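Notes follow once the structure below has been shown.
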Amino acid sequence: MSHELGRLEDLPQDYRDELARQNLVPLWPSLRAVLPPGIPARQTRATRWRYADIRPLLLRAGELTPIEKAERRVLVLANPGHTLEKMQASAAIYLGMQLLLPGEWAPSHRHTPNAVRMIVEGEGAWTTVDGEKCPMHRGDLILTPTGLWHEHGHDGNAPVIWLDVLDLPLVYYTETSYHLNGTTQTVEPGQGHRAYARAGLVPTPVFDRSGRRYPLLRYPWAEARAALLSLAGDRPGLDHVQITYVNPETGEDAQNILGLHALMLRPGQTLALPARSPAAVYHVIEGAARVATDAQGFDLAPADTCCIPGYTATTLTNASATGPAFLFVADESPLHRKLGVYEVRADGQPAMPAQP
Ligand code: 1HN
(Lines give C-alpha, C1' and ligand atoms only; values in the text may rest on other atoms or scores of the structure.)
Protein backbone atom coordinates (compact mmCIF):
# COMPACT_ATOMS: atom_id res chain seq x y z
CA MET A 1 0.00 0.00 0.00
CA SER A 2 1.49 3.34 -1.00
CA HIS A 3 -1.02 6.14 -0.59
CA GLU A 4 -0.30 9.81 -1.12
CA LEU A 5 1.18 11.58 1.87
CA GLY A 6 0.54 15.22 2.73
CA ARG A 7 2.75 17.79 0.97
CA LEU A 8 4.59 20.73 2.45
CA GLU A 9 2.38 23.09 0.41
CA ASP A 10 -0.67 21.64 2.18
CA LEU A 11 0.46 23.27 5.42
CA PRO A 12 -0.32 26.95 6.21
CA GLN A 13 2.65 29.28 5.65
CA ASP A 14 2.60 30.61 9.21
CA TYR A 15 2.87 27.05 10.55
CA ARG A 16 5.77 26.24 8.20
CA ASP A 17 7.53 29.46 9.19
CA GLU A 18 7.14 28.70 12.88
CA LEU A 19 8.50 25.16 12.40
CA ALA A 20 11.54 26.56 10.59
CA ARG A 21 12.13 29.14 13.34
CA GLN A 22 12.24 26.27 15.85
CA ASN A 23 14.52 24.11 13.62
CA LEU A 24 11.70 21.63 13.12
CA VAL A 25 10.71 19.81 9.93
CA PRO A 26 7.58 17.72 9.21
CA LEU A 27 8.60 14.22 8.16
CA TRP A 28 5.63 13.17 6.04
CA PRO A 29 6.32 15.36 2.98
CA SER A 30 9.82 13.80 2.72
CA LEU A 31 9.14 10.29 3.97
CA ARG A 32 8.93 8.67 0.53
CA ALA A 33 12.10 10.42 -0.62
CA VAL A 34 14.20 9.06 2.25
CA LEU A 35 12.55 5.63 2.20
CA PRO A 36 11.68 4.96 -1.44
CA PRO A 37 9.70 1.80 -2.23
CA GLY A 38 11.68 -1.34 -3.07
CA ILE A 39 14.97 0.14 -4.19
CA PRO A 40 17.15 2.97 -2.82
CA ALA A 41 17.56 6.28 -4.62
CA ARG A 42 21.13 6.43 -5.92
CA GLN A 43 22.99 9.50 -7.06
CA THR A 44 25.83 7.35 -8.35
CA ARG A 45 25.64 7.12 -12.14
CA ALA A 46 27.32 4.50 -14.27
CA THR A 47 30.36 6.47 -15.44
CA ARG A 48 33.48 5.63 -17.42
CA TRP A 49 36.84 7.43 -17.45
CA ARG A 50 39.23 6.66 -20.31
CA TYR A 51 42.93 6.55 -19.52
CA ALA A 52 43.64 8.01 -22.96
CA ASP A 53 41.65 11.11 -21.91
CA ILE A 54 43.10 11.38 -18.40
CA ARG A 55 46.78 10.84 -19.24
CA PRO A 56 47.49 13.97 -21.31
CA LEU A 57 45.60 16.15 -18.83
CA LEU A 58 47.53 14.64 -15.94
CA LEU A 59 50.86 15.17 -17.73
CA ARG A 60 49.80 18.76 -18.34
CA ALA A 61 49.11 19.12 -14.62
CA GLY A 62 52.74 18.07 -14.21
CA GLU A 63 53.77 21.12 -16.25
CA LEU A 64 51.26 23.50 -14.69
CA THR A 65 51.60 22.64 -11.02
CA PRO A 66 54.87 21.73 -9.29
CA ILE A 67 54.57 18.96 -6.71
CA GLU A 68 55.31 21.45 -3.92
CA LYS A 69 52.12 23.29 -4.88
CA ALA A 70 50.03 20.13 -5.03
CA GLU A 71 51.42 17.75 -2.37
CA ARG A 72 49.51 15.08 -4.29
CA ARG A 73 49.13 15.78 -8.02
CA VAL A 74 45.82 14.11 -8.71
CA LEU A 75 42.93 14.41 -11.13
CA VAL A 76 39.83 13.14 -9.37
CA LEU A 77 37.48 10.77 -11.23
CA ALA A 78 34.29 12.50 -10.12
CA ASN A 79 30.85 11.02 -10.70
CA PRO A 80 28.58 13.69 -12.23
CA GLY A 81 25.60 12.16 -10.42
CA HIS A 82 27.07 13.39 -7.13
CA THR A 83 28.13 16.73 -8.72
CA LEU A 84 31.80 17.13 -9.57
CA GLU A 85 32.56 19.29 -6.51
CA LYS A 86 31.84 16.36 -4.19
CA MET A 87 34.76 14.41 -5.71
CA GLN A 88 33.04 11.04 -5.26
CA ALA A 89 32.81 8.05 -7.57
CA SER A 90 30.05 6.53 -5.44
CA ALA A 91 28.56 7.07 -1.97
CA ALA A 92 31.70 5.68 -0.29
CA ILE A 93 34.36 5.53 -3.01
CA TYR A 94 36.80 8.22 -4.12
CA LEU A 95 38.95 7.64 -7.23
CA GLY A 96 41.88 9.68 -8.47
CA MET A 97 44.75 9.32 -10.94
CA GLN A 98 48.02 10.53 -9.45
CA LEU A 99 51.17 11.61 -11.31
CA LEU A 100 54.69 11.57 -9.90
CA LEU A 101 57.53 12.81 -12.11
CA PRO A 102 61.15 11.65 -11.89
CA GLY A 103 62.88 13.10 -8.84
CA GLU A 104 59.67 14.29 -7.20
CA TRP A 105 58.69 13.55 -3.64
CA ALA A 106 55.20 13.66 -2.13
CA PRO A 107 55.80 14.30 1.58
CA SER A 108 54.89 12.02 4.45
CA HIS A 109 51.47 12.32 5.99
CA ARG A 110 48.77 10.16 7.49
CA HIS A 111 45.02 10.47 7.63
CA THR A 112 41.85 8.81 8.78
CA PRO A 113 40.53 7.67 5.36
CA ASN A 114 41.94 4.40 4.02
CA ALA A 115 43.71 4.54 0.66
CA VAL A 116 44.98 1.97 -1.82
CA ARG A 117 47.00 2.47 -4.97
CA MET A 118 46.77 0.41 -8.15
CA ILE A 119 49.86 1.14 -10.22
CA VAL A 120 49.05 1.98 -13.84
CA GLU A 121 52.21 3.13 -15.60
CA GLY A 122 55.93 3.68 -15.16
CA GLU A 123 58.86 2.25 -13.23
CA GLY A 124 61.13 3.54 -10.50
CA ALA A 125 58.62 5.01 -8.06
CA TRP A 126 58.08 3.79 -4.53
CA THR A 127 55.81 4.53 -1.65
CA THR A 128 56.95 4.18 1.92
CA VAL A 129 54.14 3.06 4.21
CA ASP A 130 54.68 2.67 7.94
CA GLY A 131 58.47 2.52 7.40
CA GLU A 132 58.30 -0.09 4.62
CA LYS A 133 59.54 1.01 1.20
CA CYS A 134 57.18 -0.51 -1.38
CA PRO A 135 58.34 -0.51 -5.01
CA MET A 136 55.57 0.33 -7.48
CA HIS A 137 55.14 -1.84 -10.58
CA ARG A 138 52.23 -2.03 -12.96
CA GLY A 139 49.26 -3.85 -11.40
CA ASP A 140 50.66 -3.88 -7.86
CA LEU A 141 48.20 -3.02 -5.10
CA ILE A 142 49.64 -1.05 -2.19
CA LEU A 143 47.63 -0.32 0.95
CA THR A 144 47.87 2.82 3.01
CA PRO A 145 45.34 2.02 5.72
CA THR A 146 43.92 4.52 8.15
CA GLY A 147 46.50 6.19 10.38
CA LEU A 148 49.66 4.88 8.68
CA TRP A 149 52.37 7.30 7.51
CA HIS A 150 52.93 7.32 3.76
CA GLU A 151 55.04 9.24 1.25
CA HIS A 152 55.86 8.72 -2.43
CA GLY A 153 59.16 9.13 -4.28
CA HIS A 154 60.45 8.48 -7.78
CA ASP A 155 64.00 7.43 -8.74
CA GLY A 156 63.15 6.49 -12.35
CA ASN A 157 63.24 8.54 -15.51
CA ALA A 158 59.68 8.57 -16.86
CA PRO A 159 56.33 9.63 -15.38
CA VAL A 160 54.64 7.23 -12.96
CA ILE A 161 50.86 7.17 -12.72
CA TRP A 162 48.61 5.25 -10.38
CA LEU A 163 44.95 4.98 -9.43
CA ASP A 164 44.10 6.01 -5.87
CA VAL A 165 41.03 4.43 -4.27
CA LEU A 166 39.89 5.87 -0.95
CA ASP A 167 36.86 5.64 1.31
CA LEU A 168 37.10 9.42 1.68
CA PRO A 169 33.42 10.22 0.86
CA LEU A 170 32.22 8.02 3.70
CA VAL A 171 34.84 9.19 6.18
CA TYR A 172 34.15 12.82 5.25
CA TYR A 173 30.39 12.27 5.56
CA THR A 174 30.86 10.90 9.08
CA GLU A 175 32.86 14.05 9.96
CA THR A 176 35.93 12.00 10.82
CA SER A 177 38.26 13.00 7.96
CA TYR A 178 41.56 14.72 8.88
CA HIS A 179 45.30 14.45 8.28
CA LEU A 180 48.60 15.01 10.08
CA ASN A 181 51.84 16.01 8.38
CA GLY A 182 55.07 14.24 9.23
CA THR A 183 58.74 14.14 8.38
CA THR A 184 60.50 11.70 6.07
CA GLN A 185 60.09 8.21 7.42
CA THR A 186 63.02 6.08 8.44
CA VAL A 187 63.02 3.01 6.24
CA GLU A 188 64.02 -0.17 8.01
CA PRO A 189 64.80 -2.79 5.37
CA GLY A 190 63.31 -6.20 5.92
CA GLN A 191 61.36 -5.03 8.91
CA GLY A 192 58.66 -7.60 8.43
CA HIS A 193 55.96 -6.95 5.88
CA ARG A 194 57.70 -9.06 3.26
CA ALA A 195 57.47 -12.07 5.55
CA TYR A 196 53.72 -12.11 4.88
CA ALA A 197 53.92 -11.81 1.10
CA ARG A 198 53.76 -15.51 0.27
CA ALA A 199 50.41 -17.25 0.19
CA GLY A 200 49.74 -19.56 3.13
CA LEU A 201 52.92 -18.60 4.97
CA VAL A 202 52.95 -16.32 7.99
CA PRO A 203 55.50 -15.79 10.77
CA THR A 204 55.00 -18.29 13.59
CA PRO A 205 52.78 -16.67 16.21
CA VAL A 206 54.79 -16.99 19.39
CA PHE A 207 58.07 -15.93 17.82
CA ASP A 208 57.42 -13.15 15.38
CA ARG A 209 53.87 -12.01 14.92
CA SER A 210 54.11 -8.35 14.13
CA GLY A 211 51.00 -7.47 16.10
CA ARG A 212 50.23 -4.99 13.36
CA ARG A 213 46.66 -4.47 12.32
CA TYR A 214 47.86 -4.37 8.68
CA PRO A 215 50.70 -6.90 8.37
CA LEU A 216 50.83 -6.88 4.55
CA LEU A 217 50.92 -3.62 2.61
CA ARG A 218 52.05 -4.55 -0.91
CA TYR A 219 50.33 -7.17 -3.08
CA PRO A 220 52.49 -7.68 -6.21
CA TRP A 221 50.58 -8.10 -9.46
CA ALA A 222 52.81 -11.02 -10.47
CA GLU A 223 51.40 -12.99 -7.49
CA ALA A 224 47.78 -11.96 -8.02
CA ARG A 225 47.96 -12.74 -11.73
CA ALA A 226 49.51 -16.14 -11.11
CA ALA A 227 46.80 -16.92 -8.54
CA LEU A 228 44.06 -16.06 -11.04
CA LEU A 229 45.64 -18.17 -13.79
CA SER A 230 46.01 -21.12 -11.39
CA LEU A 231 42.40 -20.79 -10.26
CA ALA A 232 41.16 -20.63 -13.84
CA GLY A 233 43.34 -23.58 -14.86
CA ASP A 234 42.40 -25.80 -11.91
CA ARG A 235 38.67 -25.03 -12.05
CA PRO A 236 37.65 -25.05 -15.72
CA GLY A 237 33.95 -24.89 -14.76
CA LEU A 238 34.36 -21.83 -12.53
CA ASP A 239 32.71 -18.72 -14.00
CA HIS A 240 33.69 -16.19 -11.40
CA VAL A 241 37.49 -16.33 -11.44
CA GLN A 242 38.14 -13.76 -8.75
CA ILE A 243 40.49 -13.32 -5.82
CA THR A 244 40.11 -11.01 -2.83
CA TYR A 245 42.94 -9.04 -1.26
CA VAL A 246 42.86 -10.06 2.40
CA ASN A 247 44.74 -9.51 5.61
CA PRO A 248 46.98 -12.62 5.91
CA GLU A 249 46.64 -12.67 9.72
CA THR A 250 42.86 -12.70 9.80
CA GLY A 251 41.68 -13.73 6.34
CA GLU A 252 39.35 -10.75 6.43
CA ASP A 253 39.14 -7.94 3.90
CA ALA A 254 42.45 -6.10 3.55
CA GLN A 255 40.81 -2.86 4.69
CA ASN A 256 37.78 -1.98 6.80
CA ILE A 257 35.47 -0.23 4.41
CA LEU A 258 36.17 -1.06 0.77
CA GLY A 259 36.52 -4.54 -0.77
CA LEU A 260 39.47 -5.13 -3.13
CA HIS A 261 39.53 -7.88 -5.74
CA ALA A 262 41.18 -8.99 -8.96
CA LEU A 263 39.09 -10.76 -11.56
CA MET A 264 40.00 -12.75 -14.65
CA LEU A 265 37.73 -13.12 -17.66
CA ARG A 266 38.55 -16.17 -19.73
CA PRO A 267 39.00 -15.69 -23.49
CA GLY A 268 35.61 -14.81 -24.96
CA GLN A 269 33.87 -15.05 -21.57
CA THR A 270 30.75 -13.13 -20.57
CA LEU A 271 30.17 -13.06 -16.81
CA ALA A 272 26.72 -12.04 -15.54
CA LEU A 273 26.86 -10.56 -12.05
CA PRO A 274 23.61 -10.25 -10.07
CA ALA A 275 22.45 -6.91 -8.68
CA ARG A 276 24.14 -6.37 -5.31
CA SER A 277 23.76 -3.47 -2.90
CA PRO A 278 27.37 -2.15 -3.11
CA ALA A 279 28.54 0.16 -5.86
CA ALA A 280 31.56 -1.22 -7.71
CA VAL A 281 34.55 0.12 -9.63
CA TYR A 282 36.12 -1.84 -12.50
CA HIS A 283 39.61 -0.98 -13.73
CA VAL A 284 41.38 -2.87 -16.51
CA ILE A 285 44.85 -4.13 -15.60
CA GLU A 286 45.42 -6.20 -18.76
CA GLY A 287 43.36 -6.86 -21.86
CA ALA A 288 40.06 -5.18 -22.67
CA ALA A 289 36.51 -5.70 -21.46
CA ARG A 290 32.96 -4.44 -21.81
CA VAL A 291 31.08 -3.58 -18.63
CA ALA A 292 27.34 -3.34 -19.24
CA THR A 293 24.13 -2.80 -17.31
CA ASP A 294 20.58 -3.05 -18.65
CA ALA A 295 20.79 0.66 -19.46
CA GLN A 296 24.27 1.15 -20.91
CA GLY A 297 27.68 -0.33 -21.58
CA PHE A 298 31.30 0.79 -21.56
CA ASP A 299 34.14 -0.64 -23.60
CA LEU A 300 37.21 -0.49 -21.40
CA ALA A 301 40.77 -0.45 -22.74
CA PRO A 302 43.81 -1.02 -20.49
CA ALA A 303 43.84 1.41 -17.51
CA ASP A 304 40.26 2.57 -18.18
CA THR A 305 38.02 2.76 -15.13
CA CYS A 306 34.27 2.71 -14.63
CA CYS A 307 31.88 2.92 -11.72
CA ILE A 308 28.54 1.07 -11.49
CA PRO A 309 25.94 2.02 -8.86
CA GLY A 310 24.66 -0.51 -6.35
CA TYR A 311 21.59 -2.70 -6.97
CA THR A 312 22.55 -2.97 -10.64
CA ALA A 313 22.97 -6.26 -12.48
CA THR A 314 26.21 -6.05 -14.48
CA THR A 315 27.67 -8.08 -17.32
CA LEU A 316 31.42 -8.27 -17.90
CA THR A 317 32.63 -9.42 -21.31
CA ASN A 318 36.19 -10.12 -22.35
CA ALA A 319 36.83 -8.23 -25.60
CA SER A 320 39.32 -10.87 -26.68
CA ALA A 321 38.45 -14.37 -27.86
CA THR A 322 42.03 -15.54 -27.52
CA GLY A 323 43.55 -14.09 -24.33
CA PRO A 324 42.38 -13.46 -20.74
CA ALA A 325 41.38 -10.02 -19.44
CA PHE A 326 42.32 -8.94 -15.91
CA LEU A 327 40.32 -6.39 -13.92
CA PHE A 328 40.86 -4.74 -10.57
CA VAL A 329 37.57 -4.41 -8.68
CA ALA A 330 36.90 -2.16 -5.68
CA ASP A 331 33.50 -2.19 -4.02
CA GLU A 332 31.62 -1.16 -0.90
CA SER A 333 30.90 -4.71 0.29
CA PRO A 334 32.80 -4.69 3.64
CA LEU A 335 30.96 -1.48 4.54
CA HIS A 336 27.58 -2.89 3.57
CA ARG A 337 28.21 -6.12 5.49
CA LYS A 338 29.24 -4.22 8.60
CA LEU A 339 26.15 -2.02 8.33
CA GLY A 340 23.94 -5.10 7.82
CA VAL A 341 22.54 -3.78 4.53
CA TYR A 342 24.47 -6.03 2.13
CA GLU A 343 22.18 -7.79 -0.31
CA VAL A 344 22.26 -9.80 -3.52
CA ARG A 345 19.18 -9.74 -5.74
CA ALA A 346 19.73 -12.98 -7.57
CA ASP A 347 16.23 -12.90 -9.11
CA GLY A 348 16.08 -9.12 -9.31
CA GLN A 349 13.71 -9.01 -6.33
CA PRO A 350 14.32 -7.06 -3.11
CA ALA A 351 15.89 -9.32 -0.50
CA MET A 352 16.04 -7.05 2.51
CA PRO A 353 18.44 -8.73 4.93
CA ALA A 354 16.69 -9.70 8.16
CA GLN A 355 19.02 -9.00 11.05
CA PRO A 356 19.54 -11.79 13.62
C1 1HN B 1 46.16 11.14 -0.29
O2 1HN B 1 46.76 11.22 0.89
C3 1HN B 1 46.84 10.60 -1.38
O4 1HN B 1 48.76 10.04 -0.13
C5 1HN B 1 46.20 10.54 -2.60
O6 1HN B 1 48.85 9.84 -2.26
C7 1HN B 1 44.91 10.98 -2.76
C8 1HN B 1 42.94 12.01 -1.84
C9 1HN B 1 42.29 12.55 -0.80
C10 1HN B 1 42.86 12.63 0.43
C11 1HN B 1 44.14 12.17 0.63
C12 1HN B 1 48.24 10.13 -1.24
C13 1HN B 1 44.23 11.53 -1.69
C14 1HN B 1 44.84 11.60 -0.43
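Keep in mind that the numbers below use all heavy atoms, side chains included, and drop hydrogens, waters and symmetry copies. Just so you know, ligand 1 is whichever comes first in the structure, and atom 1 is the first atom listed for that ligand. What you are looking at is a predicted structure, and each value in this text was computed from that prediction instead of being measured.
- Of all protein heavy atoms, the one closest to atom 12 (C) of ligand 1 is R72 NE, 2.9 Å.
- Once rounded to the nearest 0.5 Å, the distance linking CZ of R110 with NE2 of H179 reads 11.5 Å.
- Under 3.5 Å, the side chains of Q88 and Y172 contain no donor-acceptor pair of N or O atoms.
- Distances shorter than 4.0 angstrom occur between a heavy atom of R117 and an atom of ligand 1.
- Residue M87 places no heavy atom under 4.0 Å from ligand 1.
- Remark: of the listed residues V74, D164, V76, L77, L77 is the sole one forming a side-chain contact (heavy atoms from CB on, under 4.5 Å) with M97.
- Considering only non-hydrogen protein atoms, atom 10 (C) of ligand 1 sits nearest to L166 CD2, 3.9 Å.
- Proximity of T144 to ligand 1, defined as any heavy-atom pair under 4.0 Å, is not found for any part of the residue.
- Taking any N or O of H111, backbone or side chain, at least one lies under 3.5 Å from an N or O belonging to ligand 1.
- Shown in contact with Y94 at under 4.0 Å from a heavy atom are these atoms of ligand 1, numbered in order with element: 7 (C), 8 (C).
- In this model, a donor atom of one side chain and an acceptor atom of the other lie less than 3.5 Å apart for R117 and T144.
- The backbone N or O of L238 sits less than 3.5 Å from a side-chain atom of R266, completing a donor-acceptor pair.
- Scanning all protein heavy atoms for the shortest distance to atom 9 (C) of ligand 1 gives L168 CD2, 3.7 Å.
- Of the protein's non-hydrogen atoms, the one nearest atom 6 (O) of ligand 1 is H152 NE2, 2.6 Å.
- Between H109 and H111, the ring planes are perpendicular. Angles over 60° get that label, and only those under 30° would be called parallel.
- Ligand 1 has at least one atom lying under 4.0 Å from a heavy atom of H109.
- Tracing side-chain contacts under 4.5 Å through hydrophobic residues (I, L, V, M, F, W, Y), one never reaches L101 starting from L64; they form parts of separate clusters.
- Nearest non-hydrogen protein atom to atom 7 (C) of ligand 1 is D164 OD2, 3.7 Å.
- Taking 4.5 Å as the limit, every side-chain heavy atom of N114 sits out of range of all side-chain heavy atoms of L258.
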